[in-house]
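Remarks on the structure that follows.
Throughout, residue positions are numbered sequentially from 1 according to the sequence presented. Start at 1 and go down the list; that is how both ligands and their atoms are numbered.
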Amino acid sequence: DMGGHDTYMHKEISEQPDAVDRVLRGRIDDRFSTVHLGGLNLDAREARTIRRIKILGCGTSYHAGLIGAGLIESMARIPADAEPASEFRYRNPVVDPDTLYIAVSQSGETYDVLAAVQELKRKGARVLGVVNVVGSAIAREADGGVYVHAGPEVCVVSTKCFTNTVTAFALLALHLGRIRDLSVTDGKRIIEGLRKLPSQIEEILKTEEQIKEIAAEYAGAQSMMFIGRVRGYPVALEASLKLKEISYIHAEAYPASELKHGPLALIEPALPTVAIVPDDDLLEKNRAALEEIKARSGRILAVAHQPQPKADHTIVVPKNEDELDPILMGIPLQLLAYHTALAMGRDIDKPRNLAKSVTVE
Ligand code: F6R
């Protein structure tokens, strides 16, 4: 049942205010400015002994994990990174007893992730799951974890589950942070930011008409460039993946700081750039990248907190706390991919060559 929408993708994008509300519900503890995550199976004493966090996932879940690693590093000050699960498995990684491993999966059935989890467990590592489907294989195999409560996702490409997974990582980062060095004040600040997310997502969804008009301009493009820095870079990676999956337009994602080390050679009027430009400590750096692109006559679409003079179009999104901005900045780009693919007549819910859940290697 598409509930009045033409595609499941559109329905699932539209459901995000409610979905995010669900991942937050019942978990916030205002008294201690922290969150309770019932299924974690990790007490405070154990949480304090973690020296490193390694996040594993595939595709969109890997991208959510990259943002999650950033959230954990900034809030809990635990070194964290994300890696595609199957790359991890095949490089014979050093499995360290002080590392907490986190497997991320919408379906909870992705073979590459499940196999990595089983290998880690066999070696005695502690593995948590950040999973959507309750009771799925990865959820059962993990020592504990956080359900992302996005609800059923039918469209082959992931949208609401990405947003909820990143929000779940913000909860986990806040929880670990408050056990370690995150202050009560900062905890409160993050909680206020989390509570604003559903209504801010509503606001973003209201820009759909504007995004549709922009998408009509990009529908014929041969290729597109997506750029961002630090927190914005995984947003660029995910937006680029979404566009390729459903429109079949070739797209690349780069850190904006890497442009001058190579990809700037590609910039010309026929290769539009989508830039993530949050109002944070990197604003001026991001703006400098827009200038470099404009100087080569590149077209620019900015996703930003204020109109960007060098951009041909800016989709303005509401500002949240710096840490939580990536959750919001991905959403207009789901709509951009959607309307670009729609304008090109693609089969949005069932893109060619792809399956919803990849249970083979
Ligand atoms: C992208 C997409 C895939 C999945 C990947 C992992 O839109 O749907 O890249 O994210 O196959 O799937 P899960 O999260 O079920 O492990």
To the nearest 0.1 Å, how far is [atom] from its closest protein heavy atom, and which atom is that?
atom                    : result
atom 10 (O) of ligand 1 : Thr60 N, 3.1 Å
atom 2 (C) of ligand 1  : Glu245 OE2, 3.5 Å
atom 11 (O) of ligand 1 : Val358 CG2, 4.2 Å
atom 6 (C) of ligand 1  : Cys58 O, 3.4 Å

Under-4.0 Å salt bridge between [X] and [Y]:
X      : Y      : value
Glu238 : Lys242 : yes
Asp280 : Arg231 : yes
Lys294 : Glu291 : no
Glu361 : Arg89  : yes

Contacting atoms of ligand 1, where contact means under 4.0 angstrom from a heavy atom of [X]:
X      : answer
Ser61  : 10 (O), 13 (P), 14 (O)
Val156 : 8 (O)
Gln106 : 13 (P), 14 (O), 15 (O), 16 (O)
Val157 : 7 (O), 8 (O)
Gly59  : 9 (O)
Ser107 : 13 (P), 15 (O), 16 (O)

Check: Heavy-atom contact under 4.0 Å between Ser357 and ligand 1?
Finding: no

Margin query: Within the structure, is a non-hydrogen atom of Lys242 found at a distance of less than 4.0 Å from ligand 1?
Written below: yes

Item checked: Evaluation steps, salt bridge (charged side-chain N to carboxylate O under 4.0 Å, His left out), between Arg189 and Glu323 -> CA-CA 10 Å; Arg189 178 175 68 74; Glu323 294 90 333; 2.8 Å; yes

Next item on the list: Answer yes if the side chains of Gln16 and Gln334 hold a donor-acceptor pair under 3.5 Å, and no otherwise.
Entry: yes

Notebook entry, point to check: With under 30° as parallel and over 60° as perpendicular, where do the rings of Tyr218 and His313 fit, or are they tilted in between?
Noted result: perpendicular

Notebook entry, point to check: Which is closest to atom 12 (O) of ligand 1 by heavy-atom distance: Thr359, Thr110, Asn132?
Noted result: Thr110

Next item on the list: Ignoring angles and geometry beyond distance, decide whether Lys356 reaches within less than 3.5 Å of ligand 1 through its nitrogen or oxygen atoms.
Entry: no

Notebook entry, point to check: Just distances here: any N/O of Gly108 and N/O of ligand 1 closer than 3.5 Å?
Noted result: no

Checklist line | From CA spacing to verdict: side-chain contact (heavy atoms from CB on, under 4.5 Å), Met344, Ile249 | finding: CA-CA 10 Å; Met344 296 173 80; Ile249 293 176; 3.7 Å; yes

Note to self: I'd like to know whether the aromatic ring centres of Phe162 and His63 sit less than 6.0 Å apart in this structure.
What the structure shows: no

Notebook entry, point to check: When you look at Thr165 and Gln106, which way does the side-chain contact (heavy atoms from CB on, under 4.5 Å) test go after all the steps?
Noted result: CA-CA 8 Å; Thr165 301; Gln106 186 287 125; over 6 Å; no

